[in-house]
Amino acid sequence: MMWGKRFFDVPVYRLARDRYQHQLSSKIDRDMEIFAGSDIPEDILSRNRKMRVEHQRLKYGTWDFNEIVGYIRLYFRGSQVLGEYFSAEKKRTVLTRRKVFLYETYKLATEGSIPANATNEEIFNCIIEYTQRCEKELTRGRFVETAFLEQLGPHVDWDALRRED
């Protein structure tokens, strides 16, 4: 598997959070259509909708953890940034509670080369660019969540990390 220094695992989602919220909302709207044109008071319909939202949350969990379909394990190998890919993908990935992550490849996208005297900012930019290339390599619609990496990245001494034994 990996031949380098691992430094971060980036989650890959079935779809982006906003698309997930839209799909969930649409599903609940379809469920609520059976009450269209009825004489049921608005406050009861509102309570019913809230109960359906809560039911969906209990059944499928939150997007943050339950929509993950894979991980990109980022690592340095010499002057390169690479990412192994572990996938829980099936023929058809839908809302589910059961996932087994399997090793797919040692290099998801073309490696990013880090210049010899790169600053921490330049190294971090290589890492972010690599994750963007990874997203393009994945099945259409997959979403690589780099928010935490982007939050943490500017504060890390990347040069020292990649040179550490």
Side-chain angles (χ1 to χ4, degrees), residues 1-28 53-54 56-165:
M1 289 203 219
M2 175 187 65
W3 304 291
K5 183 179 190 126
R6 176 182 123 188
F7 63 88
F8 203 84
D9 292 338
V10 180
V12 175
Y13 287 87
R14 182 174 68 90
L15 67 170
R17 182 189 304 261
D18 58 340
R19 286 187 54 214
Y20 171 79
Q21 295 296 347
H22 178 73
Q23 280 185 4
L24 186 59
S25 194
S26 294
K27 180 180 181 349
I28 292 168
V53 168
E54 181 63 14
Q56 294 296 328
R57 188 187 67 75
L58 291 172
K59 184 175 180 182
Y60 300 116
T62 62
W63 174 87
D64 302 89
F65 301 105
N66 297 293
E67 290 299 310
I68 293 174
V69 295
Y71 283 95
I72 301 168
R73 175 163 283 166
L74 297 173
Y75 64 99
F76 293 120
R77 183 172 61 193
S79 64
Q80 297 176 329
V81 176
L82 294 119
E84 293 179 305
Y85 186 55
F86 294 84
S87 172
E89 304 240 18
K90 300 174 183 123
K91 287 184 181 180
R92 182 165 183 246
T93 305
V94 294
L95 291 172
T96 181
R97 288 186 171 186
R98 297 184 185 163
K99 294 183 183 125
V100 175
F101 293 92
L102 302 172
Y103 178 79
E104 295 288 330
T105 182
Y106 76 95
K107 182 175 87 170
L108 184 57
T110 306
E111 60 273 353
S113 293
I114 301 168
N117 295 319
T119 64
N120 284 320
E121 185 178 353
E122 291 170 328
I123 295 169
F124 181 56
N125 287 337
C126 286
I127 294 166
I128 294 300
E129 288 169 8
Y130 181 79
T131 61
Q132 291 168 348
R133 284 195 304 278
C134 286
E135 189 167 44
K136 290 177 185 170
E137 292 295 322
L138 294 167
T139 304
R140 197 181 104 231
R142 297 297 180 249
F143 176 71
V144 176
E145 175 59 274
T146 58
F148 295 123
L149 177 62
E150 290 176 21
Q151 229 175 4
L152 181 67
H155 309 286
V156 174
D157 185 348
W158 293 106
D159 191 46
L161 181 65
R162 76 183 178 108
R163 294 181 189 279
E164 228 175 57
D165 288 312

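Start at 1 with the first residue, then count along the sequence.
- How far CG of D157 is from CZ of R162: 10.5 Å, rounded to the nearest 0.5 Å.
- To the nearest 0.5 angstrom, Q23 atom CD is 11.0 Å from S25 atom OG.
- Between R14 atom CZ and T139 atom OG1 the span is 12.5 Å, to the nearest 0.5 Å.
- For F101 against F86, the heavy-atom pair with the smallest separation is CD2-O, 4.2 Å.
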**Report entry** Stepwise side chain to side chain contact (heavy atoms under 4.5 Å, CB included) check, W158 with I114
**Finding:** CA-CA 11 Å; W158 293 106; I114 301 168; over 6 Å; no
Requested in this report: Go through the steps for V81 and T131 under the test side chain to side chain contact (heavy atoms under 4.5 Å, CB included), then give the verdict.
Outcome: CA-CA 10 Å; V81 176; T131 61; over 6 Å; no
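- Applying the side chain to side chain contact (heavy atoms under 4.5 Å, CB included) test to E135 and every residue at least two apart in sequence or in another chain returns F143, V144.
- A salt bridge (charged side-chain N to carboxylate O under 4.0 Å, His left out) check over residues 111-131, counting only residues at least two apart or in different chains, returns the pairs K107-E111.
- Summarising the geometry of G83 relative to Y75, their closest heavy-atom pair is N-CE2, 4.0 Å, with the distance given to 0.1 Å.
- Summarising the geometry, atom CG belonging to N66 is positioned 7.5 Å from atom OH belonging to Y20; distances are rounded to the nearest 0.5 Å.
- Closest approach of I127 to F76, counting heavy atoms only: CD1-CZ, 3.9 Å.
- Minimum interatomic distance between E104 and S87 (heavy atoms only, all atoms of both residues): CG-CB, 3.4 Å.
- The nearest pair of heavy atoms linking W63 to Y13 is O-CE2, 3.3 Å.
- The salt bridge (charged side-chain N to carboxylate O under 4.0 Å, His left out) contacts involving residues 16-25 comprise R17-D64, where partners must be two or more places apart or lie in separate chains.
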Query raised in the report: Step by step, would you call I72 with V12 a side chain to side chain contact (heavy atoms under 4.5 Å, CB included)?
Result: CA-CA 7 Å; I72 301 168; V12 175; 3.8 Å; yes
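- How far OG1 of T110 is from CZ of R133: 6.5 Å, rounded to the nearest 0.5 Å.
- Between L108 and E137 the shortest heavy-atom distance is O-CG, 3.6 Å.
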**Report entry** Step-by-step side chain to side chain contact (heavy atoms under 4.5 Å, CB included) determination, L74 to L149
**Finding:** CA-CA 11 Å; L74 297 173; L149 177 62; 4.0 Å; yes
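- One finds the CZ atom of F124 at 6.0 Å from the CD atom of E150 (value rounded to the nearest 0.5 Å).
- Without hydrogens or angle criteria, D159 side chain to T119 main chain gives no donor-acceptor distance under 3.5 Å.
- When side chains are defined from C-beta on, K5 counts as touching L161, because their heavy atoms get closer than 4.5 Å.
- Within the 4.5 Å cutoff, side-chain heavy atoms of F8 are placed close to those of L152.
- Annotation: side chain of C134 is in contact with side chain of Y130 (closest heavy-atom distance under 4.5 Å).
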